[in-house]
2 protein chains.
Amino acid sequence: MVATTSDRRVRRSQNALQTALLSLMSERQYDQITVQDVIDRADVGRSTFYAHYSSKEALLNASLGELRTVLTSPNEQPLGFSLPLLRHIEQHRALGQALFGSAQHTPVAQRIMSLLEEAIRQDLLQARLTQLPLPLDGFTKYAAGAYLAIVQWWLQAAEPMQPVELDRLMRRLILAATHP
Amino acid sequence: MVATTSDRRVRRSQNALQTALLSLMSERQYDQITVQDVIDRADVGRSTFYAHYSSKEALLNASLGELRTVLTSPNEQPLGFSLPLLRHIEQHRALGQALFGSAQHTPVAQRIMSLLEEAIRQDLLQARLTQLPLPLDGFTKYAAGAYLAIVQWWLQAAEPMQPVELDRLMRRLILAATHP
DNA sequence: TCCTTTCCGAACATGATGTCTGGAAACGAA
DNA sequence: TTCGTTTCCAGACATCATGTTCGGAAAGGA
């Protein structure tokens, strides 16, 4: 969203394309949006699109400038970016859902997450862990997301720890908040 | 991976297709795999594929039977599925990376996650939180994954809480393990 | 005003998806 | 082994999205 050139035509084209993409992403998933859709909404020629961006991904990158700004603003405490970010998202719910829900938009992640969530939910219910700091749904999603992220890190680590270690760690990290 | 029919031809075809997909997923990302790739590796005719599965997604679903089995096995404690799952993954690293890394395979999620990770890493470093229960990389990924999941839940909630509340909750959940 | 850059639309090659055909092959049951 | 049924196959096909290329028209800046 930031001006790079002095040529008004360039500015107008790029801005129209970025705005069009974000607007479309508020309505449907990113991968359901074609280049044709974008240039139609931006009212820009096909060749003009490719004159500015080599692909849809390149346009996406350019379109996320505002979010980057919010996240990289200096702050004092850990997760200091959080509150401004949450307020910002609240103002743009549809776009927020598109961006933060995007991890669900791939068939694989969708299946994995839902399998994980189901397993975790069962465990929580069975263990009578009902004194949670947030509704069961939310805690389940939190736990599944955290679990997925850690396994992912584990699989990419240069010297991966033993399953037993990692398993103990999982409990310490994820279940820490279940005992208020 | 489970027999449904008594006709050997059907069993062979379905098994070949499921195995081929998982095998390909150990090599590259799911969305980089075409139906043509699958049927080539399975050595099966194109029309045969569509006789059994309506799409690549349908085949994926059928192929995840084994994982479902591991996750839904009964157990006692919360996260009881974890250790068997981790052991299982360790035996199939490539496939594990494909499945659990899948959330990163969409351009949007990839950008969001990396922006989040960067912000969190900065915060942790600045706050001198170096006594973490796991390496900084891992904790960063854990925090980012958890944050993403909670925001996602928040945006879909029927009665979403206030940003201030959620922000407090985030700290309680995510940073709980930073004070050992 | 004048030179340069950008825009446009249309056409094109490429490659993936999903459907459909008729004949060949494999199956299970008798 | 035979026989009726089901599945498999190759290939052709329509459809749709991507990314490239072109020359002429329009808009920009100096």
Side-chain angles (χ1 to χ4, degrees), chain A residues 1-25 27-63 98 102 105-108 110-111, chain B residues 1-25 27-63 98 102 105-108 110-111:
Chain A
M1 291 304 199
V2 95
T4 316
T5 329
S6 61
D7 195 319
R8 179 187 294 141
R9 291 170 299 177
V10 175
R11 256 179 294 145
R12 281 177 54 105
S13 292
Q14 294 187 352
N15 188 61
L17 288 169
Q18 293 179 15
T19 304
L21 177 60
L22 292 180
S23 157
L24 283 164
M25 287 181 66
E27 300 169 10
R28 47 189 135 109
Q29 297 179 9
Y30 174 79
D31 55 287
Q32 299 297 322
I33 299 170
T34 72
V35 173
Q36 192 63 49
D37 295 331
V38 177
I39 66 181
D40 280 352
R41 178 154 310 189
D43 198 17
V44 148
R46 182 171 194 72
S47 42
T48 302
F49 177 97
Y50 286 102
H52 292 288
Y53 304 105
S54 61
S55 67
K56 212 175 52 166
E57 271 73 25
L59 173 59
L60 172 69
N61 251 307
S63 306
S102 56
H105 296 170
T106 156
V108 190
Q110 206 172 23
R111 292 302 299 151
Chain B
M1 289 304 199
V2 95
T4 317
T5 328
S6 61
D7 194 320
R8 179 188 295 139
R9 291 169 298 176
V10 175
R11 257 178 294 143
R12 282 178 52 105
S13 292
Q14 294 187 352
N15 188 60
L17 287 169
Q18 293 178 15
T19 304
L21 177 61
L22 292 180
S23 157
L24 283 164
M25 286 181 66
E27 300 168 11
R28 48 190 133 110
Q29 298 179 7
Y30 174 78
D31 55 286
Q32 298 297 322
I33 299 169
T34 72
V35 173
Q36 192 64 49
D37 295 331
V38 177
I39 67 181
D40 282 351
R41 177 152 314 186
D43 198 16
V44 149
R46 180 172 196 73
S47 41
T48 302
F49 177 97
Y50 286 102
H52 292 289
Y53 304 104
S54 60
S55 66
K56 213 175 51 168
E57 272 73 25
L59 173 59
L60 172 69
N61 251 307
S63 306
S102 57
H105 295 170
T106 156
V108 190
Q110 205 173 24
R111 292 301 300 151

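Just so we're on the same page: letters track the sequence lines, and every chain starts at 1.
- Take B/S47 and apply the side-chain contact (heavy atoms from CB on, under 4.5 Å) test, not counting sequence neighbours, and it matches no residue.
- Rounded to whole Å, the distance from CG on A/L17 to P on D/dG19 is 14 Å.
- Looking at residues two or more places apart in sequence or on another chain, you find a side-chain hydrogen bond (donor to acceptor under 3.5 Å, both in side chains) between B/S23 and B/R41.
- With sequence neighbours excluded, no residue forms a side-chain contact (heavy atoms from CB on, under 4.5 Å) with B/A51.
- Residues A/D7 and B/V44 both approach DNA chain D. Their nearest nucleotides, taken by heavy-atom distance, put B/V44 toward the 5′ side.
- Applying the salt bridge (charged side-chain N to carboxylate O under 4.0 Å, His left out) criterion to B/R12, with sequence neighbours excluded, gives no partner residue.
- By the side-chain contact (heavy atoms from CB on, under 4.5 Å) test, B/V108 pairs with A/M25, A/Y30, A/L60, A/L99, A/S102, B/T106, B/I112, sequence neighbours left out.
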Kindly determine whether B/D37 and B/R28 satisfy side chain to side chain contact (heavy atoms under 4.5 Å, CB included), including the steps that lead there. CA-CA 11 Å; B/D37 295 331; B/R28 48 190 133 110; 3.0 Å; yes
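- Atom CG of A/D40 is separated from atom P of D/dT18 by 11 Å (rounded to the nearest Å).
- Using a 4.0 Å heavy-atom distance criterion, B/S54 is classed as making no nucleic acid contact.
- Per the geometry, CD belonging to A/Q32 stands 15 Å off P belonging to D/dC16, to the nearest Å.
- Side chain of B/K56 to main chain of B/L21: no donor-acceptor pair is present (N/O by atom type, distance under 3.5 Å, no hydrogens or angles).
- An end-to-end axis angle of 40° holds for the helix from C/dT1-D/dA30 to C/dA30-D/dT1, taken from five base pairs per end and rounded to 10°.
- If you measure from atom CD1 of A/I39 to atom C1' of D/dT18, you get 11 Å, rounded to the nearest angstrom.
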For nucleotides 21-27 of chain D, list the nitrogen or oxygen atoms of the protein found under 3.5 Å from its nitrogen or oxygen atoms, one pair per line.
{"unit_1": "D/dA27", "atom_1": "N3", "unit_2": "A/R9", "atom_2": "NH1", "d": "2.9"}

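- On the nucleic acid side, DNA chain C contacts chain A at distances under 4.0 Å to non-hydrogen atoms, with the end points of that region at C/dT5 to C/dG9.
- Between A/R12 atom CZ and D/dG28 atom P the separation is 8 Å, expressed in whole Å.
- Projected onto DNA chain C by closest heavy-atom contact, B/F49 and A/D43 fall at different nucleotides, the more 5' of which corresponds to A/D43.
- Listed by chain and residue number, A/L17, A/A42, A/T48 satisfy the side-chain contact (heavy atoms from CB on, under 4.5 Å) test with A/V44 (two or more places apart in sequence, or in another chain).
- Under the side-chain hydrogen bond (donor to acceptor under 3.5 Å, both in side chains) criterion, A/R111 pairs with B/N61, not counting sequence neighbours.
- A straight line from CG of A/L24 to P of D/dA17 spans 14 Å, rounded to a whole angstrom.
- A/R46 pairs by the side-chain hydrogen bond (donor to acceptor under 3.5 Å, both in side chains) definition with A/Q36, not counting sequence neighbours.
- Nucleotide D/dA12 holds its C1' atom 14 Å from the CD atom of B/Q36, rounded to whole Å.
- Partners of B/D31 by side-chain hydrogen bond (donor to acceptor under 3.5 Å, both in side chains), not counting sequence neighbours: none found.
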